[in-house]
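Input: a single structure, listed below in structure tokens.
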There are 2 protein chains.
Amino acid sequence: MVTLAEVARHAGVSASTVSYVLSGKRPISDPTRRRVRASIEQLGYQPHAGARALASSRSRIIALMVPLRTDMYVPVMLEIAVAVATAARAHGYDVLLLTGEEGPSALRRVTGSGLAEAVILMDVQLDDERLPLLRAAGPPAVLVGLPADPEGLNCVDLDFAAAGALCVEHLADLGHREIAVIGESPGVYARHTGFAERTLRGLRDGAAERGVRLLHRPCEGGHDAVAGVLARILDERPGVTAFVVQNETAVEPLLTLLRRTGRAVPEDVSVVAVCAGQVAAQASVPLSSVAIPAQELGRSAVERLVAGLSRPEGADTARVELLTPALTVRDSSGPPPPPAGVGS
Amino acid sequence: MVTLAEVARHAGVSASTVSYVLSGKRPISDPTRRRVRASIEQLGYQPHAGARALASSRSRIIALMVPLRTDMYVPVMLEIAVAVATAARAHGYDVLLLTGEEGPSALRRVTGSGLAEAVILMDVQLDDERLPLLRAAGPPAVLVGLPADPEGLNCVDLDFAAAGALCVEHLADLGHREIAVIGESPGVYARHTGFAERTLRGLRDGAAERGVRLLHRPCEGGHDAVAGVLARILDERPGVTAFVVQNETAVEPLLTLLRRTGRAVPEDVSVVAVCAGQVAAQASVPLSSVAIPAQELGRSAVERLVAGLSRPEGADTARVELLTPALTVRDSSGPPPPPAGVGS
DNA sequence: CTCGCCCGTCGAAGCGCTTCGATCTTCTTG
DNA sequence: CAAGAAGATCGAAGCGCTTCGACGGGCGAG
């Protein structure tokens, strides 16, 4: 392994000079810099990460905690994770992968040992057990998601309430008066995962404002579960003319079931989804949908973290950033069919 | 931050003693050990990761390189990644997340800087550009996947050839004589991703052995793409009575399309998949399938790495491990319909 | 022409930990 | 009963890097 000292010797300068060339924290004359750079190149020098972290007490590592549950749509999670990794690299950081499993203790571990200088948390619950740790002078952190009380925390998320409202508005504009919502797994609500509840609130508020009837049902993924939920909905509210789906694994089963029971989309019923853009676009009927901006979320989380890390200490930037949702109209939403008995 | 020295002072011993208590590399008397442990506990001491890595030249970090392509089924990737993280933690290692984007240079970086002591590579291609680096006295590495020439490399993967053969055998046993394969995206084959090609070979060999006609067509995900491919297959080979699908995003569209064109599964056509178990189980017709053992793959990769790392240097364990596939019979496969004209 | 200043560079002191003798006991054994 | 073995602990020397204060030489100003 090549060390700083060897580079220094090779370039005929002192170790500190090489260090300053690398960090740019002090001016180095052009010829010297060139010489050092050449030596670095020639010897294939790579600074030792541990030594660096020790001397500077900055590891240049961000810990990313991803849930390991499987009842939520996974591709979005991976997409965010990859976006985080990519954005982090762009700022010279690496990403440490933590699973939600370990909870707060994992945060303490990587943070207390100086392994990671900051953390990004995904799948934040309304009353997350990791929050106290972060508020109590914990490490710099950004949550992807919004807890019940974001006070003193740095959060980024899609404005799911607005997303919900957007869906209702779109359908109300088309003339729908009775809407059913097929939601995430019951487990997601039971855990009080913020985004699910916020979407629901947005849907309800929107419905109230537009005088639309709304029925919400959580739903497991998979064909059979959706079949059950759908049957109950249609039984309870035969007048439903539109669905809002917030559960990627329910999308295709729903379309299949509607088709099978003779309901054409969008002629007989409209469907709007809140889900990964790709899922909506590739569905058997391309769905009008509000996409979850995974890339954007990951990128934004990193940027805020990095901004905070390089800011002159103490300047607390705890703030909530809610991305504005956008509804993409595809083929699955249209006006409701004319009321029965009134021929077209 | 609490340091080793403070713990030592608090416990009334020398720093080295504390270190030996922690590492167990020298015998420490019971009372002393107890005292040191108590001090550690009381002060909330956490060893500094960087200092440790510097002094011992072991970072206890494994780098995991995940692809960031989206044309392959993502949940399996995440599942493997999470399994790797979990298994690594069980052995006292942490996992650094690398995206495939950066290629060999990322490996050189994390490895050359001592950030990671070993790497796990996912989405390995037959002629992967990262391989030369690994063979040339690179860092300890395990590939999840199988390149064209695994010589000198440590690989774990599902035996996709056997998986392919298994599918054909199952269908042949049921009496099918003409099978169509709906494969991964053309891009996957163009990249020469090992698993896709190996599955295909297994399918072809199996078909040859059993005297079954086989037609293979790559296929993008999404409804429309599947529709196109399916139409062409049915046109070209009207006698097809069974499908093997190796493309998670094609599964549901295929079932939808078969249904819509009046083909009942499994009465008229059988469908067998090679995909994530959950996808097969939750499909609108639960699919007979060969599952991809994501957990197992991740775990195994870590175990081999850890075994190698703690082995007395030089004992090269380059070896290929192919997991034996298992076919789970669900509702989507049955005997072919009786030949036309011959009433049942 | 000389003083003081700034620019560019160097030396040395750590950062917190591991590890290798060395030291001091306490046993064991011939 | 002395000599050596074995056990328990200590001290010190780094690991490779950052960073702070110091230093020397060239320059403009007085």
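It should be emphasised that the depicted structure is a prediction, and the values quoted were computed from it without experimental measurement.
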When you compare the protein's N or O atoms with those of nucleotides 9-13 of chain C, which come within less than 3.5 Å of each other, and at what distance?
unit_1	atom_1	unit_2	atom_2	d
C/dT9	OP1	A/Ser29	OG	2.7
C/dT9	OP1	A/Thr32	OG1	2.1
C/dT9	OP2	A/Ser29	N	2.6
C/dT9	OP2	A/Ser29	OG	3.3
C/dT9	O4	A/Arg26	NH1	2.8
C/dC10	OP2	A/Ser14	N	2.9
C/dC10	OP2	A/Ser14	OG	3.2
C/dC10	OP2	A/Thr17	OG1	2.4
C/dC10	N4	A/Arg26	NH1	3.4
C/dG11	N7	A/Ser16	OG	3.4
C/dG11	O6	A/Ser16	OG	3.2

Would you check if A/Val7 and A/Thr3 make a side-chain contact, meaning some heavy-atom pair closer than 4.5 Å? no

As a quick check of understanding, evaluate side-chain contact (heavy atoms from CB on, under 4.5 Å) for B/Ile28 and B/Thr17, giving each step before the final call. CA-CA 8 Å; B/Ile28 296 292; B/Thr17 300; 3.9 Å; yes

Going by heavy atoms in the side chains, are A/Gln46 and B/Leu115 under 4.5 Å from each other? no

State whether B/Arg109 and B/Glu102 are salt-bridged, where the test is any N-O pair (Lys NZ or Arg NE/NH1/NH2 against Asp/Glu carboxylate O) under 4.0 Å. yes

Rounded to 10°, tell me the angle between the two end axes of the helix from C/dC1-D/dG30 to C/dG30-D/dC1, each built from five pairs. 40°

Validation row: A/Leu146, A/Leu322 side chains within 4.5 angstrom (heavy atoms): yes

Got a salt bridge between B/Arg299 and B/Glu296, using NZ or NE/NH1/NH2 to carboxylate O under 4.0 Å? yes

D/dT18 phosphate, OP1 or OP2: any side-chain N/O from A/Lys25 under 4.0 angstrom? no

Pair A/Asp94 + A/Arg89: basic N to acidic O under 4.0 Å: yes

Counting only heavy atoms from other residues, nucleotides and ligands, does the tally under 6.0 Å from CD of B/Glu303 exceed 12? yes

Distance in angstrom units between B/Leu54 CG and C/dG16 C1', rounded: 9 Å

Testing A/Leu126, A/Asp127, A/Leu131, A/Asp128 for side-chain contact (heavy atoms from CB on, under 4.5 Å) with A/Pro147, which one passes? A/Leu131

For atom CG of A/Leu4 and atom P of D/dT19, their distance in whole Å: 12 Å

Spacing of A/Glu6 atom CD relative to D/dG16 atom C1', expressed in whole Å: 11 Å

Answer whether the closest heavy-atom distance between the side chains of A/Leu121 and A/Val144 falls below 4.5 Å. no

For atom CZ of B/Arg60 and atom C1' of C/dT18, their distance in whole Å: 14 Å

Could you list by number each residue of residues 39-51 of chain B showing a heavy-atom separation from DNA chain C of less than 4.0 Å, or answer none if no residue does? B/Tyr45, B/Pro47, B/His48, B/Ala51

Looking at side-chain heavy atoms only, is the closest gap between B/Ile62 and B/Ile120 below 4.5 Å? yes

